Amino acid sequence: MKQTVLIYDVVFEEQEVGGYTVTVPSLPVCISEGDTFEEAKTNISEAITAYLESLAKDGKNISQAETNI
């Protein structure tokens, strides 16, 4: 079975009040946050997955920063 893996750059910004905000430059509407780096990492992964599933469900093109097979 052939599977495509999509890879996206993410930007973690440490906040002065604590925690992290995470953005995905190639998916501008995909933003998340977390109280710790690990939580922020998990949350953005879930946000990317949900966003891509929503695009696929609506029959829209998925922006691919880079693909590996």
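In this text, all values refer to a predicted model and were calculated from it rather than measured experimentally. The figures that follow rest on heavy atoms only: side chains count, while hydrogens, waters and symmetry mates do not.
- For the pair Val22/Asn43, no side-chain contact is recorded, criterion being any heavy-atom separation below 4.5 Å from C-beta on.
- Interatomic distance, OG1 of Thr23 versus CG of Asp9, reported as 10.5 Å (0.5 Å rounding).
- With rounding to the nearest 0.5 angstrom, the CD atom of Glu13 is 12.0 Å from the OH atom of Tyr20.
- Annotation for Pro25 and Val11: closest pair CG-CG2, 3.9 Å, computed over non-hydrogen atoms.
- Tyr51 pairs by the ring pair (Phe, Tyr, Trp, His ring centres under 6.0 Å) definition with nothing, not counting sequence neighbours.
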For residues 30-42, please give each side-chain donor-acceptor pair under 3.5 Å, one per line with the distance, not counting sequence neighbours.
{"residue": "Thr36", "atom": "OG1", "partner": "Glu39", "partner atom": "N", "Å": "3.0"}
{"residue": "Glu39", "atom": "OE1", "partner": "Asp35", "partner atom": "N", "Å": "3.0"}
{"residue": "Thr42", "atom": "OG1", "partner": "Glu38", "partner atom": "O", "Å": "3.1"}

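- Residues Ile48 and Leu6 fail the side-chain proximity criterion, which asks for heavy atoms closer than 4.5 Å.
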